[in-house]
Amino acid sequence: MNTPQMQSPADAIGAWTAGTMLQTTLLQRTEAMLRMQSGLFETVETISQLWLEHRQDDIRSALATVERMETAENTAERSTLWSDWMNERLKRWSGEASEMAERVQTMTHVLADAVPAADKPPTRLREAAPRRDRRSEGTA
C-alpha cells in the first residue's frame, strides 16, 4: 500500500519560496506587459486623433480652395489656387510622415524595453568584410 510521504519542513519551505518567487516574477512580467500595452494604446489613440483632425482640416481647406476657384476669373488663377493648396498639403503630409516614423520608432523602443534582457535573443553582428576600392582595381 502506498502511503503519502511527509515532506520535510525544509522541502516545504523551499517549495513555498520557489512558488512565491514564480508568482512574483509572473506578476512583474504581467504588470510590465500591461504597462507597455497601455503606452502603446495611448500612442495609437494620439496618432488616430491627430490623423482624423488633419483629414478634417484637409477637407475644409480643399472646400475653401474650390470655393475660391469658382470665383477665379481665369484658368491660370484657378491653377495657381489649386497648386498652392497642393503644395501646402504635400508639405504637411511630409511632416506627418516624419512624425509618424518618429512615433513608430518610439513605440518600437517601448516594446524592446519591455522585454527583459534574459528573454531577448542574442544579437549577432556580421563581421564587416574588408572594403575593396574598385577605382584602384581599374587603374592597376
Side-chain angles (χ1 to χ4, degrees):
M1 188 180 226
N2 291 337
T3 57
Q5 294 183 2
M6 295 287 293
Q7 278 187 329
S8 71
D11 289 341
I13 290 174
W16 177 80
T17 303
T20 302
M21 288 174 46
L22 181 63
Q23 287 178 351
T24 301
T25 301
L26 180 64
L27 288 173
Q28 289 171 341
R29 288 182 180 219
T30 301
E31 180 184 8
M33 183 179 67
L34 292 172
R35 288 185 187 281
M36 176 208 49
Q37 287 178 356
S38 176
L40 288 174
F41 286 133
E42 286 174 10
T43 302
V44 168
E45 179 184 20
T46 301
I47 290 171
S48 299
Q49 286 176 340
L50 288 173
W51 186 85
L52 288 170
E53 289 170 7
H54 291 171
R55 295 308 65 84
Q56 287 176 330
D57 184 50
D58 289 342
I59 291 169
R60 286 187 205 107
S61 175
L63 285 172
T65 300
V66 168
E67 288 171 358
R68 284 186 303 211
M69 288 172 67
E70 287 175 351
T71 61
E73 299 200 10
N74 58 45
T75 306
E77 189 178 345
R78 286 185 188 113
S79 293
T80 300
L81 288 169
W82 185 252
S83 178
D84 290 347
W85 181 84
M86 280 302 296
N87 285 333
E88 289 175 23
R89 293 304 106 190
L90 290 174
K91 286 178 189 174
R92 180 175 179 166
W93 296 336
S94 175
E96 287 176 359
S98 297
E99 184 179 336
M100 180 71 72
E102 289 175 17
R103 289 180 185 270
V104 168
Q105 187 176 21
T106 299
M107 287 182 359
T108 303
H109 288 297
V110 168
L111 286 172
D113 291 343
V115 177
D119 293 345
K120 292 181 183 176
T123 303
R124 294 187 187 133
L125 298 175
R126 291 185 303 138
E127 288 186 29
R131 188 171 181 200
R132 297 185 341 194
D133 187 1
R134 295 189 185 270
R135 285 178 277 166
S136 63
E137 289 176 6
T139 58

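Hydrogens, waters and symmetry mates play no part in the numbers below; they use all other heavy atoms, side chains included.
Listed by chain and number, the residues in a side chain to side chain donor-acceptor pair (under 3.5 Å) with Gln49 amount to none (sequence neighbours excluded). Listed by chain and number, the residues in a side chain to side chain contact (heavy atoms under 4.5 Å, CB included) with Thr75 are Arg78, Ser79 (sequence neighbours excluded). Every residue was checked against the salt bridge (charged side-chain N to carboxylate O under 4.0 Å, His left out) condition with Glu45, not counting sequence neighbours, and none meets it. Remark: Asp84 engages no residue in a salt bridge (charged side-chain N to carboxylate O under 4.0 Å, His left out) (not counting sequence neighbours). For Trp82, the ring-ring contact (aromatic ring centres under 6.0 Å, His included) criterion is met by Trp85, not counting sequence neighbours. Every residue two or more places apart in sequence or in another chain that forms a salt bridge (charged side-chain N to carboxylate O under 4.0 Å, His left out) with Arg55 is listed here: Asp58, Glu96.
Shown here is Arg35, whose CZ atom has no more than 12 heavy atoms of other residues, nucleotides or ligands within 6.0 Å.
Judged by distance alone, the side chain of Thr43 and the main-chain N or O of Gly39 form a donor-acceptor pair under 3.5 Å.
Atom CD of Glu42 and atom CD of Gln37 lie 12.0 Å apart (nearest 0.5 Å). In this structure, the separation between CG on Leu50 and OG1 on Thr46 is 6.5 Å, given to the nearest 0.5 Å. Within the model, atoms CD1 of Ile47 and CE of Met100 stand 5.0 Å from one another, a figure rounded to the nearest 0.5 Å. Summarising the geometry, atom OG belonging to Ser83 is positioned 4.5 Å from atom CG belonging to Asn87; distances are rounded to the nearest 0.5 Å. Going from atom CH2 of Trp51 over to atom CD of Glu99 covers 14.5 Å, rounded to the nearest 0.5 Å. The distance from atom OG1 of Thr80 to atom CG of Asn74, rounded to the nearest 0.5 Å, is 8.0 Å.
Between Glu31 and Leu26 there is no side-chain heavy-atom pair separated by less than 4.5 Å.
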(request) For Ile59 and His54, run side-chain contact (heavy atoms from CB on, under 4.5 Å): C-alpha distance rounded to whole Å, both residues' side-chain angles, the deciding distance at 0.1 Å, then the answer. (result) CA-CA 9 Å; Ile59 291 169; His54 291 171; over 6 Å; no

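Val66 and Met86 fall into different hydrophobic clusters, where Ile, Leu, Val, Met, Phe, Trp and Tyr residues are linked whenever their side-chain heavy atoms come under 4.5 Å apart, directly or through other members.
Between Leu81 and Thr65 the shortest heavy-atom distance is O-CG2, 3.8 Å.
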